[in-house]
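A short worksheet on the structure shown next.
Every value quoted in this text rests on a predicted model; they were computed, and no experiment measured them. All chains are named by letter (A, B, ...) in the order of the sequence lines, taking the proteins before the strands, and each is independently numbered beginning at 1.
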Amino acid sequence: MAMTHAQRLLAWYDRHRRTLPWRAPPGERTEPYRVWLSEIMLQQTTVATVGDYFRRFVERWPTVGTLAAAPLDEVLSAWAGLGYYARARNLHACARTVSEQLDGRFPEDESGLLALPGIGPYTAAAIRAIAFDRPASAVDGNVERVIARLFAIETPLPDARPEINARAAGLVPNKRPGDYAQAMMDLGATVCTPRSPRCVICPFIETCHARALNIAESLPQRAPKADRPTRRGLAFVLARSDGAILLRKRAPTGLLGGMDEVPSSAWREGKLTIAEALKEAPVPAKWQVMEGGVRHTFTHFHLELVVARATATTSRLARLAPGSAWCTLDKMTERALPTVMRKIIAHAVKG
DNA sequence: TAGTCGTGGCT
DNA sequence: TAGCCAAGACT
């Protein structure tokens with residue numbers, strides 16, 4: 001009998017398996033805590049970016065209990081720069097639930113995992129497969145691509161998802177399902193790549209329908225994305241005589257929720273009127289509007305910021321709103337500052 | 001269901 | 001340069 005897809009893939013995996021910070025040695029299982037933490041970090045984020053964050057997290061918080069005991073603000077600070085900050089808020093909430101209500105153990109069943117904050121269909125399946133070696137079908141962007149090509153599914157995403165999920169589930173083996181899940185993702189990441197797939201070294205070359213039709217690189221097709229608008233605003237960098245800068249805390253949810261920020265005017269579409277934006281300054285001061293500015297792109301809009309600087313005087317310190325605080329430059333790395341805020345500060349300091 | 005939610009690397 | 005995409009979840 002011919003080898004199944006799973007058998008071919010596992011044979012390939014045994015030869016090409018990558019060493020990753022969260023991956024246990026061959027034949028061993030990764031602890032559920034490390035699987036969960038890595039999978040949350042890897043959502044919409046590249047392996048290369050996650051590596052250092054993962055190492056820092058497990059060194060500082062080696063167990064789910066230690067993470068649950070940490071203040072949210074410390075977790076957000078450690079997460080700063082990774083993006084999608086709701087993941088960090090949910091990570092912390094999930095750690096507390098597992099620690100306080102589940103005796104520190106992650107559920108092994110799908111419904112139990114799906115009930116936890118930040119764990120959706122993909123992550124629940126990945127945890128079940130990798131941590132508990134259960135035959136769960138973990139379909140991420142890599143697997144979507146592999147399956148769409150293997151079966152030449154030309155329906156654009158996201159409409160193709162039901163068919164892709166069904167096809168993917170049909171390939172999951174009962175033996176080594178954890179290795180199989182990781183192998184599928186490795187295959188998508190290193191062989192069945194979005195552009196210039198390396199079909200000649202693919203374990204599925206003999207059965208891949210897209211390869212046979214010479215349409216592999218064009219799959220999966222995607223529905224066109226809405227174009228991003230541009231929002232504009234004025235950021236206010238207030239510096240104390242010792243160089244400390246005024247920061248404040250953002251609202252707990254929504255864009256950059258719970259993170260620290262440099263005060264700014266509202267970010268609006270359309271032309272920026274400096275005179276109007278200056279009325280939104282956090283304190284009265286002799287604001288100096290700087291040359292140039294900061295550009296940053298979020299998932300669904302571009303942001304263009306002009307930066308205004310001012311020096312604080314003692315008389316204004318008492319006027320600071322609640323949630324505001326001074327931060328010296330050497331302490332800036334300890335704060336929960338998203339990348340766009342670090343860009344603003346760098347621009348202001350550089351002058 | 002479709003919009004919200006970051007960032008960096010690659011082409 | 002500008003768009004694409006990455007181990008998606010939530011509302």
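Annotation: B/dG3 and C/dA7 have their P atoms spaced 24 Å apart (nearest Å). As rounded to the nearest Å, B/dC5 and C/dC5 have P atoms that lie 22 Å from one another.
Dashed line: the shortest gap from a side-chain N or O of A/Tyr85 to OP1 or OP2 of B/dT7 is under 4.0 Å. A sub-4.0 Å separation between OP1 or OP2 of C/dA7 and a side-chain N or O of A/Arg23 is absent. For C/dC10, neither phosphate oxygen OP1 nor OP2 lies less than 4.0 angstrom from any side-chain nitrogen or oxygen of A/Arg89. The phosphate of C/dG8 has OP1 or OP2 within less than 4.0 Å of a side-chain N or O from A/Gln44. Taking only side-chain nitrogens and oxygens, A/Arg87 never comes nearer than 4.0 Å to OP1 or OP2 of C/dA6.
Rounded to an integer number of Å, the gap from CD of A/Gln182 to P of C/dA7 is 14 Å. Between the NE2 atom of A/His300 and the P atom of C/dT11 there is a distance of 15 Å, rounded to whole Å. Rounding to whole angstrom units, CZ of residue A/Arg228 and C1' of C/dA2 are separated by 9 Å. Look at CH2 on A/Trp267: it is 10 Å from P on B/dC5, rounded to the nearest Å. Across the protein-nucleic acid pair, A/Arg222 atom CZ and B/dA2 atom P stand 16 Å apart, rounded to whole Å. Spacing between atom CE of A/Met41 and atom P of B/dG6 amounts to 16 Å, rounded to whole angstrom units. If you take CG of A/Asn90 and C1' of C/dT11, they are 12 Å apart, rounded to a whole angstrom. Rounding to whole angstrom units, CG of residue A/Leu20 and C1' of C/dA7 are separated by 10 Å.
Within the nucleic acid shown, A/Arg161 has no heavy atom closer than 4.0 Å to any nucleic acid atom. Here A/Arg18 lies in heavy-atom contact (under 4.0 Å) with a base. Nucleic acid contact class of A/Thr297 (heavy atoms, under 4.0 Å, all strands): base. Within 4.0 Å (heavy atoms only), A/Ile40 reaches no atom of the nucleic acid at all. Contact annotation for A/Trp22: base contact, defined as any heavy-atom pair under 4.0 Å involving a base atom.
In this model, a donor atom of one side chain and an acceptor atom of the other lie less than 3.5 Å apart for A/Thr207 and A/His5. Using modelled atom types and a 3.5 Å distance limit, the side chains of A/Thr45 and A/Arg87 yield a donor-acceptor pair. Looking only at atom types and distance, the side chain of A/Glu304 has no donor-acceptor partner in the side chain of A/Thr230 under 3.5 Å away. A/Tyr122 and A/Gln43 form no side-chain donor-acceptor contact under 3.5 Å, judged by distance and modelled atom types alone. For the 3.5 Å distance criterion, the side chains of A/Gln182 and A/Arg23 qualify, holding a donor opposite an acceptor.
For A/His296 and A/Phe298, the distance between ring centers is under 6.0 angstrom.
Taking the six-membered ring where tryptophan is involved, the planes of A/Trp79 and A/Phe57 are perpendicular, since the angle between them exceeds 60° and thus also 30°.
The cationic group of A/Arg128 does not satisfy the cation-pi geometry with A/Phe132, failing either the under 6.0 Å distance to the six-membered ring centre or the 45° limit from the ring axis.
A donor-acceptor contact under 3.5 Å links the side chain of A/Thr45 to the base of B/dG6.
Of the candidates B/dG6, C/dA9, C/dA6, the closest approach to any side-chain atom of A/Gln43 belongs to C/dA9. Considering only the side chain of A/Pro338, B/dT7 comes nearest among B/dC5, B/dT7, C/dC5.
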So which protein nitrogen or oxygen atoms get under 3.5 Å of nucleotides 8-11 of chain B's nitrogens or oxygens?
none

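With hydrogens and angles disregarded, a donor-acceptor distance shorter than 3.5 Å links the side chain of A/Arg145 to the backbone of A/Cys192.
The 5' end of DNA chain B is approached more closely, in terms of each residue's nearest nucleotide, by A/Pro158 than by the other of A/Pro158 and A/Gly254. Position along DNA chain C of the nearest nucleotide to A/Arg295 versus A/Pro121 favours A/Arg295 as the more 5'-ward residue.
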